[in-house]
Amino acid sequence: MVVFFDPVLGCNLRCKMCYFSNEVKRKEMKGNFNPEDLPRVAEVIFKQALKLQIGCGAEPTLYKHNVEIISLAKQFKVPYISFTTNANLLTKEEIYRLLEAGLNEFTISLHGVEKSTYENLMQQASYDKFIEVMQLLTEAKKQYPHFNIRVNYTVNELNLVELNHFFDVYDSFAIDILQVRPLQDIGGIINHIEKQQEFNHQFNKITAILRDICKSRNITYIAPIILDEKAKENTSSSVVESTYCYISPKSFWDSDMDWRNETFRQFSKRTGYASILFKRIYSKKELTNTKLNYDIN
Ligand SMILES: C[S@@+](CC[C@H](N)C(=O)[O-])C[C@H]1O[C@@H](n2cnc3c(N)ncnc32)[C@H](O)[C@@H]1O
Ligand code: SF4
């Protein structure tokens, strides 16, 4: 499984494409994962994890026990640990503490190449602080050469064209992976693309250019293959869903699991989970249109 862990349901920013820009939704998002429960989570779930992603639907730098989560994940031999953040609260000390604990990847979210776009789309964020953190991460590679710097760029009509200048601006940063993904409607104050066809055309053009540039720089480039109706027609084995494990202060993966009192093995035995999984391998069902097929170069 890939474990997606939101240890905190809150955020310091109000990005316009994200539900944190929506007053009502923001009020619904609250809670801190009880640190005393972390060892139990690790024991029950981390053993099953091929990857742990800390920060999924909220901002993980607001949590005080991230080093503990990473240390536990290392203890249970999770092969890849990633941390997804807006970077605005990261300090040099925190970066080195997380790397020292065994973090494999920082994923930094970015909604603009230009300062004005960045600060407009990522309300309450500081572009200067973001640049400072990118410099710190690049510098940290001297001591920790094996961790990856990934940039996630969520795109809409307001920040698409400036992607053409991405490497003019961010040339000096040691980026390993660049993912560009179009906005989806998750309830933010910007929740759709006005001129979809025009956007798709531009997106495909820019993606073709970025793919080549990334290749020449030895950077992995990830973007949707297509942005038209075909993406919605795609089917996949529903086993995909079984690889997704979400944990937050409000929910714990399969609601049927009594995780405080049973082990994964006991849960599997009680529910016949192995045979459920086996059946899912052969069941085909349509992917929802929120799931895009990505091309990884
Ligand atoms: C919800 S954030 C949570 C983690 C952290 N706060 C961050 O921004 O990296 C996770 C990712 O969702 C992306 N995102 C925000 N709004 C989006 C939208 N409307 N559609 C698709 N992705 C979005 C962000 O850019 C970020 O990379
Ligand atoms: S995208 Fe991340 S940083 Fe921006 S508001 Fe949403 S959770 Fe916060």
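Computed from heavy atoms alone, side chains included, the values below leave out hydrogens, waters and symmetry copies.
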Subject >> Contact list for residues 52-79, test ring pair (Phe, Tyr, Trp, His ring centres under 6.0 Å), sequence neighbours left out >> reply: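 Residue pairs with at least one partner in residues 52-79: Y63-H65.
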Mind checking what makes ring pair (Phe, Tyr, Trp, His ring centres under 6.0 Å) contact with [X], not counting sequence neighbours?
{"X": "Y244", "answer": "F4"}
{"X": "F267", "answer": "W253, Y273"}
{"X": "F46", "answer": "none"}
{"X": "Y118", "answer": "Y127, F130"}

Suppose we screen for salt bridge (Lys or Arg N to Asp or Glu O under 4.0 Å). Which residues come up paired with [X], at least two apart in sequence or across chains?
{"X": "E262", "result": "R270"}
{"X": "D168", "result": "none"}
{"X": "D185", "result": "none"}
{"X": "E114", "result": "none"}

Original post:
side-chain contact (heavy atoms from CB on, under 4.5 Å) with S71: which residues, sequence neighbours excluded?
Top reply: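 Listed in chain order: V67, A101.
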Subject >> CA sep, side-chain torsions, deciding dist, call: E100, R97, salt bridge (charged side-chain N to carboxylate O under 4.0 Å, His left out) >> reply: CA-CA 5 Å; E100 190 56 43; R97 274 176 1 108; over 6 Å; no
Subject >> Contacts of D254 that satisfy side-chain hydrogen bond (donor to acceptor under 3.5 Å, both in side chains) - sequence neighbours left out >> reply: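 None.
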Ignoring hydrogens and angles, write down the donor-acceptor pairs under 3.5 Å from the side chains of residues 133-142, residues two or more places apart or on other chains.
{"unit_1": "T138", "atom_1": "OG1", "unit_2": "M134", "atom_2": "O", "d": "2.8"}
{"unit_1": "T138", "atom_1": "OG1", "unit_2": "A174", "atom_2": "N", "d": "3.2"}
{"unit_1": "E139", "atom_1": "OE1", "unit_2": "K142", "atom_2": "NZ", "d": "3.3"}
{"unit_1": "E139", "atom_1": "OE2", "unit_2": "K142", "atom_2": "NZ", "d": "3.1"}
{"unit_1": "K141", "atom_1": "NZ", "unit_2": "F147", "atom_2": "O", "d": "3.0"}
{"unit_1": "K141", "atom_1": "NZ", "unit_2": "D176", "atom_2": "OD1", "d": "3.1"}
{"unit_1": "K141", "atom_1": "NZ", "unit_2": "D176", "atom_2": "OD2", "d": "2.6"}

